[in-house]
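Single-structure report; data block below.
Predicted, not measured: the structure shown is a model, and the values here were computed from it.
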Amino acid sequence: QVQLVESGGGLVQAGGSLRLSCAASGHTASRYGMGWFRQIPGKEREFVATISWAGGSTHYANTVKGRFTISRDNAKNTVYLQMNSLKPEDTAVYYCAATSRVGGGTMSYEYDYWGQGTQVAVSS
């Protein structure tokens, strides 16, 4: 079992930055590929970014490429999502997820564990 707790969401103006954190607990949390997804009410959960278990491989959705950076610190069992140049369309609930696929994944069905989500709101 892996437990995930997100933090760092909030309200920010367009062009601003936020850093989300995801603290993982569990016996082998550091051996999981990790991902960030986001969801707006009434819409499907959307892939944002993923990172391999060792952190050497990352992949981003085209909508956030060049603005968001995913990273991880396995010593702290924590994954981060640095979000820069935020836009109003980035407003969503952001979820952290863990997958047994050590390379990570871009599809929600590939993930085994999910956090409770943290709200990000970007004002224009």
Side-chain angles (χ1 to χ4, degrees):
Q1 286 281 356
V2 176
Q3 294 78 43
L4 303 171
V5 179
E6 303 97 334
S7 62
L11 174 64
V12 64
Q13 287 189 329
S17 298
L18 282 175
R19 188 176 81 156
L20 305 184
S21 298
C22 173
S25 60
H27 182 58
T28 57
S30 63
R31 293 300 183 100
Y32 282 75
M34 300 294 293
W36 286 96
F37 288 75
R38 64 188 183 187
Q39 190 169 24
I40 300 170
K43 296 191 70 176
E44 294 289 319
R45 195 164 292 188
E46 176 189 30
F47 166 73
V48 175
T50 187
I51 188 166
S52 61
W53 78 270
S57 176
T58 59
H59 184 69
Y60 298 91
N62 288 334
T63 51
V64 306
K65 197 174 295 182
R67 300 187 297 121
F68 291 11
T69 302
I70 188 171
S71 61
R72 66 189 298 163
D73 183 341
N74 284 345
K76 296 182 178 179
N77 277 348
T78 302
V79 177
Y80 304 98
L81 184 68
Q82 178 67 44
M83 306 186 295
N84 298 330
S85 302
L86 282 161
K87 305 175 181 180
E89 51 264 44
D90 294 318
T91 295
V93 176
Y94 282 71
Y95 296 90
C96 172
T99 173
S100 55
R101 296 168 59 97
V102 295
T106 63
M107 307 299 290
S108 59
Y109 65 77
E110 296 176 306
Y111 287 81
D112 307 293
Y113 303 101
W114 294 84
Q116 81 290 348
T118 185
Q119 176 72 53
V120 171
V122 184
S123 63
S124 57

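In this structure, Thr118 and Leu20 have side chains that are in contact, with non-hydrogen atoms separated by less than 4.5 Å. In this structure, the side chains of Glu46 and Ile40 stay at 4.5 Å or more apart for every pair of heavy atoms. For the pair Met34/Cys22, a side-chain contact is recorded, criterion being any heavy-atom separation below 4.5 Å from C-beta on. By the 4.5 Å heavy-atom criterion applied to side chains, Arg45 and Trp114 are counted as neighbours. When side chains are defined from C-beta on, Gln116 does not count as touching Val93, because their heavy atoms never get closer than 4.5 Å.
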Where do Asp73 and Thr78 land on the side-chain hydrogen bond (donor to acceptor under 3.5 Å, both in side chains) test, with the steps shown first?
CA-CA 5 Å; Asp73 183 341; Thr78 302; over 6 Å; no
Before giving the answer on side-chain hydrogen bond (donor to acceptor under 3.5 Å, both in side chains), spell out for Ser123 and Gln13 the whole-Å C-alpha distance, their side-chain angles and the decisive distance to 0.1 Å.
CA-CA 5 Å; Ser123 63; Gln13 287 189 329; 4.9 Å; no
Walk me through it: do Tyr94 and Gln39 pass the test side-chain contact (heavy atoms from CB on, under 4.5 Å)?
CA-CA 7 Å; Tyr94 282 71; Gln39 190 169 24; over 6 Å; no
Begin from the C-alpha positions of Asn74 and Arg31 and carry the test side-chain contact (heavy atoms from CB on, under 4.5 Å) through to its verdict.
CA-CA 9 Å; Asn74 284 345; Arg31 293 300 183 100; over 6 Å; no
Walk me through it: do Tyr80 and Arg19 pass the test side-chain hydrogen bond (donor to acceptor under 3.5 Å, both in side chains)?
CA-CA 7 Å; Tyr80 304 98; Arg19 188 176 81 156; 4.8 Å; no
Full working for side-chain contact (heavy atoms from CB on, under 4.5 Å) between Arg101 and Asp112
CA-CA 9 Å; Arg101 296 168 59 97; Asp112 307 293; over 6 Å; no
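Screening Leu18, Leu11, Val12 against Val122 for a side-chain contact (heavy atoms from CB on, under 4.5 Å) leaves a single residue, Val12. Here the options are Ile70, Val48, Thr106, the test is side-chain contact (heavy atoms from CB on, under 4.5 Å), and the partner is Tyr60; only Ile70 passes.
The local environment of NZ in Lys65 is crowded, with over 12 non-hydrogen atoms from other residues, nucleotides or ligands closer than 6.0 Å. Surrounding CZ of Arg67 are more than 12 heavy atoms belonging to other residues, nucleotides or ligands, all under 6.0 Å away. Enclosure of atom CD in Glu44 is not indicated, since only 12 or fewer non-hydrogen atoms of other residues, nucleotides or ligands lie within 6.0 angstrom.
Within the 3.5 Å criterion, the main-chain N or O of Gln82 finds no donor-acceptor partner in the side chain of Thr69. Remark: the backbone N or O of Pro88 is not paired with any side-chain donor or acceptor of Ser124 at under 3.5 angstrom. No donor-acceptor pair under 3.5 Å is formed between the side chain of Asn84 and the backbone N or O of Gly16. With hydrogens and angles ignored, the 3.5 Å screen pairs a side-chain donor or acceptor of Arg72 with a backbone N or O of Ser52.
Across all their heavy atoms, Gln119 and Ala92 have their closest contact at NE2-O, 3.3 Å.
Within the 6.0 Å centre-distance limit, the rings of Phe47 and Phe37 are counted as a close aromatic pair.
In the model, Glu110 has no side-chain atom that pairs as donor or acceptor with a side-chain atom of Thr99 under 3.5 Å.
Hydrophobic cluster membership differs between Trp53 and Leu4, with clusters built from Ile, Leu, Val, Met, Phe, Trp and Tyr side chains linked at under 4.5 angstrom. If you chain together hydrophobic residues whose side chains sit under 4.5 Å apart, Tyr111 and Tyr113 never meet in one group. With hydrophobic clusters built from ILVMFWY side chains whose heavy atoms lie under 4.5 angstrom apart, Val64 does not share a cluster with Tyr95.
Between the CG atom of Leu81 and the CE atom of Met83 there is a distance of 5.5 Å, given to the nearest 0.5 Å. Atoms CZ and CG, from Phe68 and Asp90 in turn, are 4.0 Å apart once rounded to the nearest 0.5 Å.
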